[in-house]
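Note sheet for the following structure.
Residue numbers begin at 1 in each chain, while the letters A, B, ... track the order of the sequences. Everything quoted here is computed from the prediction, not taken from an experiment.
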There are 2 protein chains.
Amino acid sequence: MADASASQVLGGESLLYLTDEQLRQGIEAMFFAYRGFTADPDRILQGLSYGRAHHRAIHFIHCAPGTTVNNLLNILGVTKQSLNRVLRTLVEDGLVESRVGRADKRERHLYLTEAGDALEKQLSDAQRARMRSAYRQVGPEAVAGFKQVLEAMMDPEMQRQYQRLRENRG
Amino acid sequence: MADASASQVLGGESLLYLTDEQLRQGIEAMFFAYRGFTADPDRILQGLSYGRAHHRAIHFIHCAPGTTVNNLLNILGVTKQSLNRVLRTLVEDGLVESRVGRADKRERHLYLTEAGDALEKQLSDAQRARMRSAYRQVGPEAVAGFKQVLEAMMDPEMQRQYQRLRENRG
DNA sequence: ACTTTAAGTCAGCGTTGTTGACATTCCAAT
DNA sequence: ATTGGAATGTCAACAACGCTGACTTAAAGT
């Protein structure tokens, strides 16, 4: 049977939430929810000749001003060639400033310009509005569970980067 | 202040879980978790000249055998041209069978072949393994919260389709 | 029978991911 | 001081997968 792997009891505790059907529901929920998660920023970006890649770069530059290209690379999990194409357009369009490092002139430190900050605010306001609405509907306990599951789904390396970002903001 | 929108109390209940910082954490958690969520299938598909789009098509054809192209279109939220390219390669490679409708000959009904079922099993086994591990780590209450937040994040139309899929499987 | 609507296909384009090759610039170690 | 390695950037090519537009075929409405 499909649910054989979970149709057992361990120490008297029900494992019904681990059936293949429950897991499949979670998988589909992730799929549909991620579409909602990116829908609002996607709408804003379409027509600006920008996409999700630009949004992600702007988000993390905003969170860690002065970050290097290489650091951003690790966070975003893409190749430098891919990121470079995105950063080049953002710099050309005056949304991001790239300053040569003082201690190490090989590094480029990235900052949002005023225009970049304005777009970041527009994008994150829209995305936060949806998150806030969802959080409000379900309450703090559900939100805590939500974050626990997401964290457990990450690869260990991503988990470390996620926590590092949290720590850097208190 | 950044947290002005949530630094209030309503009816004596704390809204600290709605601060901009909490929402930002949720946004980043979604970003990193979705990478983990797709990592295993992506690994399996890479080199097969297939991608996520093929995975999604296979997943939903498996869940609703005999579904039409148009129905799949609505679930996946892409254009028929985009889906068609994916379906064409899957049919050519003998993973999906496309049968002309009997009542309405315009429609094509989609079914997985044995080979298609085998790949579906390989992909969903990998993805479920990660989900199961995450679920096990956090327990049933957290999982319930996780699903509540995801559902609240969906657009209403996606929410309906998500629930319809659940109902069709009991 | 003629028109309209719907389903599916084909062709072409844009974004964004990939790899590979290569230049530059700088730090560090010998 | 020269050499080796690391960080960055550029150019080129390619794959996956969104999109639009134009088209065929089949069903449905008048």
Indicate yes or no: does A:Asp155 engage A:Arg160 in a salt bridge with an N to O separation below 4.0 Å.
no
Is there a path of hydrophobic side-chain contacts, each under 4.5 Å between heavy atoms of I, L, V, M, F, W or Y residues, that connects A:Leu48 with A:Ile61?
yes
Would you say B:Asn70 reaches C:dA7's phosphate, i.e. side-chain N/O to OP1/OP2 under 4.0 Å?
yes
Pick from B:Leu72, B:Ile75, B:Asn70: which one makes a side chain to side chain contact (heavy atoms under 4.5 Å, CB included) with B:Leu83?
B:Leu72
Per-nucleotide protein contact along nucleotides 13-20 of chain C, 5' to 3', at a 4.0 Å heavy-atom cut-off (B base, S sugar-phosphate only, - neither), is --SBBBBB
5' precedence on DNA chain C between A:Asp104 and B:Leu73 (nearest-nucleotide basis):
B:Leu73
Relative to the ring of B:Tyr34, is the ring of B:Phe37 parallel (under 30°), tilted (30 to 60°) or perpendicular (over 60°)?
tilted
Sorted by chain and residue number, the side-chain contact (heavy atoms from CB on, under 4.5 Å) partners of A:Ala129 (sequence neighbours excluded) come out as none
Where does the angle between the aromatic ring planes of A:Tyr135 and A:Phe146 fall among parallel (under 30°), tilted (30 to 60°) and perpendicular (over 60°)?
perpendicular
Earliest and latest nucleotide of DNA chain D, 5' to 3', sitting under 4.0 Å from a non-hydrogen atom of chain B?
D:dA16 to D:dA27
Regarding B:Arg56 and the six-membered ring of A:Phe31, is the cationic atom NZ or CZ under 6.0 Å from the ring centre and inside 45° of its axis?
no
Could you state the atom-to-atom distance from CZ of B:Arg106 to P of C:dT9 in whole Å?
14 Å
Quick check: is B:Val69 connected to B:Val78 through a chain of hydrophobic side chains (ILVMFWY, heavy atoms under 4.5 Å apart)?
yes
